[in-house]
S.K.: 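So that we are looking at the same thing, I have put the structure below in structure tokens.
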Amino acid sequence: MSLSPGTPSVGAESPPRADVRALLLARMRRGAVWFFTIAALSGINILLQAFDAKLHFIFGLGLTDVVNQIARGRGQNGMVAMILVDGLFVILLVLSGVWARNRSQAAFLCGMIAYALDGALLLLFGSWIEGLVHAYALWRLGDGYSACSQLVKLQQSLPPGMSQVKLR
């Protein structure tokens with residue numbers, strides 16, 4: 001028997017299914033929010049680099065840094081290409097976040113794989129701090145994916161008549 005306030009006593013009933021769903025849904029949404037955070041900071045990084053600012057957020061994408069360095073030497077055409085290519089990556093992150101919030105395990109997985117590859121690119125160029133920040137964000141995304149998987153299993157375990165009920 002444990003005396004800590006959050007631990008149920010021996011023989012206590014497990015929490016109702018609705019409570020479990022609410023907790024899993026909150027964890028999943030917190031994980032999905034990381035896609036939006038990364039997209040927003042990457043977008044800000046793109047603008048900062050477009051205006052030659054010396055400030056840079058470490059939660060952004062390493063791939064946009066590579067694209068920006070290549071585009072910088074190509075003049076005005078390079079700047080347009082940089083904004084288009086970087087904007088595409090930001091849009092993909094936003095879409096991953098939207099789909100992840102709607103319980104898409106594939107969105108979580110694809111977004112996490114892409115972000116892991118981006119982190120590997122940073123490590124390849126010796127950006128260890130940004131690589132560690134990527135690892136932390138991946139851990140948070142992974143927690144959201146785990147909760148999403150558990151929500152899907154919970155939905156599948158509902159009785160046949162209730163399987164059509166949408167879990168909010």
Side-chain angles (χ1 to χ4, degrees), residues 2 4-7 15 19-74 78-154 167:
S2 174
S4 64
T7 306
D19 290 345
V20 171
R21 268 187 294 201
L23 292 172
L24 289 173
L25 190 59
R27 271 183 49 215
M28 182 198 69
R29 287 186 175 163
R30 279 192 305 268
V33 163
W34 277 88
F35 285 119
F36 299 118
T37 302
I38 296 163
L41 293 175
S42 294
I44 292 169
N45 280 344
I46 292 164
L47 292 174
L48 290 172
Q49 288 186 357
F51 293 107
D52 290 326
K54 301 300 178 204
L55 181 65
H56 179 80
F57 291 107
I58 59 176
F59 275 101
L61 295 172
L63 189 59
T64 59
D65 293 342
V66 171
V67 169
N68 296 349
Q69 290 302 320
I70 293 170
R72 192 171 300 271
R74 307 216 181 221
M79 187 65 69
V80 171
M82 176 189 86
I83 291 171
L84 289 175
V85 172
D86 290 349
L88 176 66
F89 289 116
V90 170
I91 289 169
L92 289 173
L93 281 168
V94 169
L95 288 175
S96 292
V98 168
W99 293 328
R101 282 183 58 94
N102 289 319
R103 288 185 201 93
S104 172
Q105 293 173 303
F108 268 110
L109 280 177
C110 291
M112 289 169 57
I113 290 168
Y115 199 61
L117 291 172
D118 187 74
L121 180 68
L122 288 168
L123 293 175
L124 182 67
F125 289 115
S127 298
W128 295 102
I129 293 175
E130 289 178 336
L132 289 172
V133 169
H134 269 56
Y136 176 74
L138 283 167
W139 174 63
R140 301 303 305 218
L141 289 166
D143 187 48
Y145 170 75
S146 172
C148 184
S149 298
Q150 292 172 11
L151 273 171
V152 169
K153 288 177 187 172
L154 186 62
L167 300 177

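Being a predicted model, the structure only gives us computed values, none of them experimental.
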S.K.: Could you give the distance from CG (Leu138) to CD1 (Ile38), rounded to the nearest 0.5 Å?
M.R.: 7.5 Å

S.K.: Quick check: closest heavy atoms across Phe108 and Gly31, and the distance to 0.1 Å?
M.R.: CE2-C, 4.0 Å

S.K.: Shortest non-hydrogen contact from Gly111 to Ser96?
M.R.: CA-OG, 4.2 Å

S.K.: Run the salt bridge (charged side-chain N to carboxylate O under 4.0 Å, His left out) test against Arg27 and tell me which residues pass, sequence neighbours left out.
M.R.: Asp143

S.K.: Please examine the side chains of Met28 and Leu25, heavy atoms only from C-beta on, and report whether any two atoms are closer than 4.5 Å.
M.R.: yes

S.K.: CG of Leu92 to CG of Leu88: how many Å apart, nearest 0.5 Å?
M.R.: 4.5 Å

S.K.: Which value, rounded to the nearest 0.5 Å, describes the distance between Leu109 atom CG and Cys148 atom SG?
M.R.: 9.0 Å

S.K.: Return the minimal non-hydrogen interatomic distance between Phe35 and Ala100, and the atom names on each side.
M.R.: CE1-CB, 4.0 Å

S.K.: Strictly by ring pair (Phe, Tyr, Trp, His ring centres under 6.0 Å), give each pair with a member in residues 123-144 just once, sequence neighbours left out.
M.R.: Trp34-Tyr136, Tyr115-His134, Tyr136-Trp139

S.K.: Working to the nearest 0.5 angstrom, can you tell me the gap between Leu154 CG and Gln150 CD?
M.R.: 9.0 Å

S.K.: Nearest heavy-atom pair of Ala39 and Val94: which atoms, and what distance?
M.R.: CB-CG2, 3.7 Å

S.K.: Among Ile46, Leu47, Leu48, which residue meets the side-chain contact (heavy atoms from CB on, under 4.5 Å) test with Ile44?
M.R.: Leu48

S.K.: Locate the shortest heavy-atom distance separating Arg21 from Leu151; write the atom from each residue and the value.
M.R.: O-CD2, 3.9 Å

S.K.: Does the side chain of Thr64 reach to within under 4.5 Å of the side chain of Met82, using non-hydrogen atoms?
M.R.: no

S.K.: Can you see which heavy atom on Leu61 is nearest to which on Ser42, and at what distance?
M.R.: N-OG, 3.2 Å

S.K.: Check the surroundings of atom CD1 in Ile129: do more than 12 heavy atoms from other residues, nucleotides or ligands lie under 6.0 Å from it?
M.R.: no

S.K.: In Å and rounded to the nearest 0.5 Å, what is the CZ to CG distance from Arg29 to Asn102?
M.R.: 8.5 Å

S.K.: Using the salt bridge (charged side-chain N to carboxylate O under 4.0 Å, His left out) rule, collect all pairs that involve residues 112-133, keeping only residues at least two apart or in two chains.
M.R.: none

S.K.: Which value, rounded to the nearest 0.5 Å, describes the distance between Leu24 atom CG and Lys153 atom NZ?
M.R.: 11.0 Å

